[in-house]
Amino acid sequence: MNNDTKKPNILWRSFRSVRLTIVLLILIAIASVLGTFIPQREEALEFAHRLDPDTLRLFHALGLFDMYHSAWFRILVGLLALNLVICSIDRFPGAWRRFSARPRPDRSKVFHDIPEDQRLEVITSSESVLETVRTIIASKYKRVTKKTSPPATFFYAEKGRFSHFGVYIVHLSVLIIIVGALIGSFYGFEAYVNILEGEKVGSAMIRGRMLPVALGFSVRCDDFSVSFYDNGTPKEYRSDLTFFENGKKVKSAVVRVNHPAKFRGIIFYQSSYGTIPGDSAMIRLVRRASKPEVRSVNAGSNKEIPLPHGEGTFVVLEIKDNFMNMGPAVLIKVKPKQGDQIRFWVFQHHERISRQFPGIFDRFPKLNPSAFKPYTFLLEGIESKYYTGLQVSKDPGVPVVWAGFFLIVAGLFITFFTSHRRLWIKVLQQDGKSEISVAGMANKNPVGLEREIHELLGELKASLGERKNA
Amino acid sequence: MLNSTILSYITFVYFGAFFFYLCMMIMGKSAFGKVATLFCLIGFVGQALAIGLRWYESYKLGIGHAPFSNMYESLIFFSWTIILLYLIIEWRTKNKTLGVFVSPLAFLALAYASFSPSINSRIQPLVPALKSNWLISHVITCFFGYAAFGISFGLSLMYLIKRMGGDRPQNAFLKLLPTAGILDDLNYQVVVIGFLMLTLGIITGSVWAHSAWGSYWSWDPKETWSLITWLVYALVLHSRMVRGWRGKRMAFLCIVGFCCVLFTYFGVNYLAGLHSYAKS
Ligand code: HEM
């Protein structure tokens, strides 16, 4: 705070303060809380209908339906980033000075009020005492400097100087993560696409905006499958994809949940699936003659199929997965050799429907599967087609964010678990004895330093011997 | 299953621990404290065995997976990590008074898991989204973070109670509590652990979300609440830098922080009705 006079700029002063940080963190936290209670984006529609028009307008103007992407939320984050940058620029020189300070072994002030148990008296004043002290310190500290000014010899040792940078690494990583997120929102997209088995697409829909985005290549879904556990919960979803460029097959890939596939910087994730009725149905023909004849016909739409005994042909005109709320049905047109064509619907759940509505099939010829004598048409099933629902995203910011994640963890470890420890050891040699005093300073974890000093004193005592009742 | 039966018994062990810590605090007899610690140790070891057994039993059912996949299993793990961290602190500080504030958390988490009708203790197969190695690291880091914050909550209560008692407290309970300065320092250290773990938890969670859903951050309520919690504890760390924010304000912020943890953990499920993509 003592350089307030040197940097009188009020803006600079407010942006380097931790007070502002506290205010901003509180504001961002409160805003985030709001966003979890007010439905956002896709969910907002229904909620918006329940508001009266004035409130609705207000909410809309404040961007409360897409808060996390609104201008004011971004401004808050931007202010935090600015706060962070200025605070770091402001404080970094100090940290650098503490990091690169030249050793000053002969400081005497540090010894002024050290506790009595950090002194040790030894009854010899030979050179070997100095040597022993040096070796013991060097076993714990890498950087040891020595200065002699008879009758005293000073040792200065330090380690963990890098600890001063931990906080800057953490703060820098927060910025890196914010930058990574920005890159993603400018140069990336989040889209989705549903692809039918066998179908090929070249674009996807941007989420929330309903705009198509061209992929620059095309992708085909060769197969989709879903498997279940015995109790019916899904076990695995899997899509087999093939990527094409300029009409040529380039790559095949399997996409499962948690195992996306990447092609040309765009990542495909399994996110949903569904079925639509396909274009073929299984039809069984029962011919009421002396001997009933059963046939299964795989009837493709609009393909004429001959009846077994040459009475004519039939066509499946329409396939519905739920016709008149009575389940799957197909519309069949029979073209006899002579006479008029007839059309009628055939239901899959024929038995159940006739139990529910007795006589319905006799009353309505359009619903009678035996309308063309001597045949009865039965629908075995509609072949449904799976489509796979893929999330399609591109986010060039991801590696940047990952780097930020890595750095923030490294920075936190350095900040919390390392400390810059400095030791001063004075060996005063006169009158045939040596008095050793140890003083220490640490930027963090004073208890740890104290423990280390006592360990050190213990070792010194053990190898030099202590004069009792000094 | 055997494991859940054992776990429901351990609920009572932790209640016993709480009871004896309380006796120690009220009557000022250290013998009660020893019994309480023994209860904690028994509960801790028993619970570790039961969790291991549950893991083993899931393999016997043919749906083997680490026991961190649903509300029941997470509550079990939560109470276990609380006791683990507590025992480490008790051993390091040689002080048992924290026990009376922390053992109820472990007890309540286990009781809720074992006896709430809305929580299913059966071993369920993993749905596809949970089949990821990130799941294990995500759950472990998050819950160590939550446990540390739970302990910080206990320490903050102790701090406030100690401060309310004044400088020369008369009753045994207040006298036994460590000094406000020690509590404040210890609280800071625990928050540091919690913050580191929560950071790792959010990171592993978003790497996992990236590989499962295609985006490392989608502002879903659970994610957002974990960010809110993280911001609150960042606030706690920075509040120490501003003069006068140590002590009471920090204790108060830690209590707010733990409320955020609880909301991230439980409350979000009530919001999920609004958000179809909630994926807790
Ligand atoms: C979300 C954003 C931030 C995070 C995650 C963060 C994280 C941290 C952490 C972990 C520490 C170490 C605390 C400790 O040692 O107890 C710290 C210290 C600090 N932070 Fe931040 N910080 C953030 C934003 C800011 C901002 C915007 C400022 C701007 C003034 C700031 C200023 C400081 C200062 C001055 C320190 C103390 C440094 C020292 O010990 O020398 N922080 N921060």
Side-chain angles (χ1 to χ4, degrees), chain A residues 17-19 21-22 25-26 28-30 32-33 35-43 46-47 67-69 174 181 184 190 192 226 229-231 233-238 256-260 267-271 390-393 395 398 401-402 405-406 408-409 412-413 415-417 445 447, chain B residues 62-63 122 124-135 185 189 192-193 195-196 199-200 202-204 206-208 210-225 227-232 234-235 237-242 245 256 260 263 267-268 271 274-277:
Chain A
S17 88
V18 182
R19 254 168 238 276
T21 313
I22 290 185
L25 288 178
I26 292 177
I28 294 175
I30 292 175
S32 308
V33 172
T36 63
F37 285 97
I38 302 171
Q40 299 287 302
R41 291 195 146 184
E42 286 94 336
E43 283 78 16
E46 193 206 334
F47 173 72
M67 263 192 40
Y68 305 115
H69 305 89
V174 172
E190 226 172 76
Y192 65 92
V226 51
Y229 291 106
D230 294 339
N231 71 356
T233 47
K235 185 175 182 181
E236 185 180 272
Y237 309 109
R238 170 193 165 122
R256 287 176 292 143
V257 178
N258 275 316
H259 299 274
I267 314 189
F268 293 81
Y269 302 84
Q270 188 66 57
S271 82
L390 300 173
Q391 156 106 3
V392 183
S393 10
D395 189 346
V398 165
V401 172
W402 275 196
F405 282 174
F406 177 80
I408 201 170
V409 174
L412 286 175
F413 267 97
T415 310
F416 293 145
F417 301 127
N445 190 9
V447 183
Chain B
I63 46 175
R122 277 223 304 279
Q124 292 148 324
L126 280 186
V127 296
L130 296 183
K131 282 185 196 157
S132 164
N133 288 333
W134 290 104
L135 170 72
D185 280 346
Q189 286 174 30
V192 159
I193 302 285
F195 189 72
L196 181 66
T199 308
L200 282 169
I202 292 177
I203 289 177
T204 48
S206 63
V207 174
W208 175 27
H210 179 256
S211 74
W213 289 283
S215 116
Y216 59 85
W217 195 265
S218 42
W219 293 105
D220 104 326
K222 197 137 189 143
E223 275 172 1
T224 309
W225 270 94
L227 179 70
I228 294 164
T229 309
W230 190 76
L231 291 173
V232 170
L235 205 66
L237 293 178
H238 287 88
S239 68
R240 295 173 70 87
M241 311 291 157
V242 180
W245 272 66
V256 172
C260 291
F263 199 85
V268 166
L271 290 179
L274 300 172
H275 299 253
S276 55
Y277 52 89

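Note that the structure is a prediction, hence the values are computed from the model and not measured. Below, chains carry the letters A, B, ... as their sequence lines are ordered, and counting in each starts from 1.
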Engineer: I'd like to know if the side chain of B:E223 and the backbone of B:S218 have a donor-acceptor N/O pair within less than 3.5 Å.
Structural biologist: yes
Engineer: If every non-hydrogen atom of A:D395 is compared with every non-hydrogen atom of A:G184, which pair is closest and at what distance?
Structural biologist: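 Scanning both residues completely, I find the closest heavy atoms to be OD1-CA, 3.0 Å.
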Engineer: Looking at chain A, which one of B:D185, B:T229, B:I193, B:V207 has the largest number of heavy-atom pairs inside 4.5 Å, strictly under?
Structural biologist: B:V207
Engineer: Can you tell me which of B:F195, B:W134, B:W217 forms the most heavy-atom pairs within a distance under 4.5 Å of chain A?
Structural biologist: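 Between B:F195, B:W134, B:W217, the count favours B:F195.
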Engineer: Heavy-atom distance under 4.5 Å to chain B: side chain of A:V447, backbone, both or neither?
Structural biologist: neither
Engineer: Out of A:V401, A:T21, A:I30, A:I28, return the one with the most heavy atom pairs under 4.5 angstrom to chain B.
Structural biologist: A:V401
Engineer: Taking all heavy atoms of A:Q270 and all of A:R238, pick out the closest pair and write down the distance.
Structural biologist: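 For A:Q270 versus A:R238, the nearest heavy atoms are OE1-C, 4.1 Å.
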Engineer: Taking side-chain contact (heavy atoms from CB on, under 4.5 Å) as the test, write out the residues that go with B:H210, two or more places apart.
Structural biologist: A:I267, A:Y269, A:V398, A:W402, B:Y216
Engineer: Can you tell which part of A:S393 gets under 4.5 Å to a heavy atom of chain B, answering side chain, backbone, both or neither?
Structural biologist: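 Only the side chain of A:S393 comes within 4.5 Å of chain B.
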Engineer: Against chain A, label B:L135 side chain, backbone, both or neither, depending on which of its atoms sit under 4.5 Å from a heavy atom there.
Structural biologist: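 Nothing of B:L135, per the 4.5 Å heavy-atom cut-off to chain A.
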Engineer: Looking at A:T36 and B:P221, what are the two nearest heavy atoms and their distance?
Structural biologist: CG2-CA, 4.1 Å
Engineer: Report which part of B:L235 has an atom under 4.5 Å of a heavy atom belonging to chain A: side chain, backbone, both, or neither.
Structural biologist: both
Engineer: Which atom pair, heavy atoms only, marks the closest approach of B:S215 to A:E190?
Structural biologist: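 Closest approach of B:S215 to A:E190, heavy atoms only: CB-OE2, 3.3 Å.
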Engineer: As an exercise: rank A:Y68, A:F405, A:F416 by heavy-atom pairs under 4.5 Å with chain B and give me the winner.
Structural biologist: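 The answer is A:Y68.
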Engineer: Can you name the residues that form a salt bridge (Lys or Arg N to Asp or Glu O under 4.0 Å) with A:R19, not counting sequence neighbours?
Structural biologist: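 By the salt bridge (Lys or Arg N to Asp or Glu O under 4.0 Å) rule, A:R19 matches no residue at all.
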Engineer: Is A:F406 in contact with chain B via its backbone, its side chain, both, or neither, using a 4.5 Å heavy-atom distance?
Structural biologist: neither
